[in-house]
Amino acid sequence: MARHIGVSNFTVALLDEAVALCAEPLVCDQVEYHPYLDQTKVLEACRRHGMALVAYSPVAKGRIKNDQALARLGAKHGKTAAQICLRWLVQQNVAAIPRTSRIERLSENIEIFDFELSDDDMRQISAMANARGRLTDYGFAPKWD
C-alpha cells in the first residue's frame, strides 16, 4: 500500500543491496549530512539509483553557528552560517530537513533561494569535511562510507 519507500542511514553497499532486493523503487535515503561530514559516496549512489538524498542535521546540530569560515561566507552573501549550509545542500540537489525550536529561524531557513554559492564557495564548504565529522553514530551503526 506504500506509494513511496525511503530508507535511512543506508551506506552505498546497503543501498545497492536494497535496490536489488526491493520490487518497488526506493525514492530516498535520509542520512546525516552537513559541511563537516563527507557524504559524496552516498550522494553518488543515490543519484545512480535515481533516489533523492535527504539530509538530517544539516547545520551540524547547531555547531556551524560558531564556524568562522561559514560566517565569512555568510557575510559575503548577507546570510547566516546556517543559511550558507542549507544553500550548499540545495545546490547539490539534496533535500535538507533542519530542525529548530525557535520560530524566528523557520523563516530564516527558507530564505536561501535568493542567492547562489559560487563554485569556489562550494569547494571551500566541502573541504570542511573531516574523519570526525559524524555527530550521530550509534554502536549498532554499519561501517560508514
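When a residue number appears, it is its place in the shown sequence, counting from 1.
Once rounded to the nearest 0.5 Å, the distance linking CD1 of Ile112 with SG of Cys85 reads 10.5 Å. Once rounded to the nearest 0.5 Å, the distance linking CD1 of Ile125 with CE of Met128 reads 6.0 Å. The distance from atom OH of Tyr33 to atom CG of Asp38, rounded to the nearest 0.5 Å, is 6.5 Å. Separation of atoms CD (Glu44) and CG (Leu15) is listed at 12.5 Å; rounding is to 0.5 Å.
Across Leu117 and Phe115, no two heavy atoms sit closer than the pair CD2-CE1, 3.9 Å. Of all heavy-atom pairs between Leu70 and Ala81, the closest is CB-CB, 3.8 Å. When all heavy atoms of Leu53 and Cys46 are compared, the pair lying nearest together is CD1-SG, 3.8 Å. When all heavy atoms of Pro58 and Ala96 are compared, the closest pair comes out as CB-CB, 4.1 Å. Among all heavy-atom pairs drawn from Glu32 and Leu37, the shortest one is O-CD2, 3.3 Å. When all heavy atoms of Glu108 and Ala82 are compared, the pair lying nearest together is OE2-CB, 4.1 Å.
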Could you walk me through whether Trp88 and Val94 pass the side-chain contact (heavy atoms from CB on, under 4.5 Å) test, one step at a time? CA-CA 9 Å; Trp88 173 74; Val94 171; over 6 Å; no
Tell me, with the steps shown, if Asp16 and His49 meet side-chain contact (heavy atoms from CB on, under 4.5 Å). CA-CA 8 Å; Asp16 291 343; His49 292 299; 2.6 Å; yes
Applying side-chain contact (heavy atoms from CB on, under 4.5 Å), run through Lys61 and His34 and close with a yes or a no. CA-CA 9 Å; Lys61 296 184 177 181; His34 47 73; over 6 Å; no
Going through the checks in order, is the side-chain hydrogen bond (donor to acceptor under 3.5 Å, both in side chains) test met by Ser118 and Asp120? CA-CA 5 Å; Ser118 69; Asp120 186 53; 5.1 Å; no
Given His77 and Ile84, is the side-chain contact (heavy atoms from CB on, under 4.5 Å) satisfied, shown in steps? CA-CA 9 Å; His77 293 282; Ile84 295 297; 4.0 Å; yes
The test is side-chain hydrogen bond (donor to acceptor under 3.5 Å, both in side chains); show your working for Gln91 and Arg87 and say whether it passes. CA-CA 6 Å; Gln91 280 186 220; Arg87 183 65 200 185; 2.9 Å; yes
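Counted within 6.0 Å of NZ on Lys76, heavy atoms from surrounding residues, nucleotides or ligands total more than 12; the atom is thus considered enclosed. More than 12 heavy-atom neighbours from other residues, nucleotides or ligands sit within 6.0 angstrom of CZ on Arg48. Around atom CD1 of Ile97, more than 12 heavy atoms belonging to other residues, nucleotides or ligands sit under 6.0 Å away.
Leu14 and Val31 end up in the same hydrophobic cluster when Ile, Leu, Val, Met, Phe, Trp and Tyr side chains are linked at under 4.5 Å. If you chain together hydrophobic residues whose side chains sit under 4.5 Å apart, Leu86 and Phe113 fall into the same group. One hydrophobic cluster holds both Met122 and Leu43 under the rule that ILVMFWY side chains link at heavy-atom gaps under 4.5 Å. Clustering ILVMFWY residues whenever any of their side-chain heavy atoms sit less than 4.5 angstrom apart, transitively, puts Val7 in the very cluster that holds Val12.
One N or O on the side chain of Asp29 and one on the backbone of Phe10 form a donor-acceptor pair closer than 3.5 Å. Listed for the Lys79 side chain is no donor-acceptor partner under 3.5 Å among the backbone atoms of Leu73.
At least one side-chain heavy atom of Arg134 sits under 4.5 Å from a side-chain heavy atom of Gln39.
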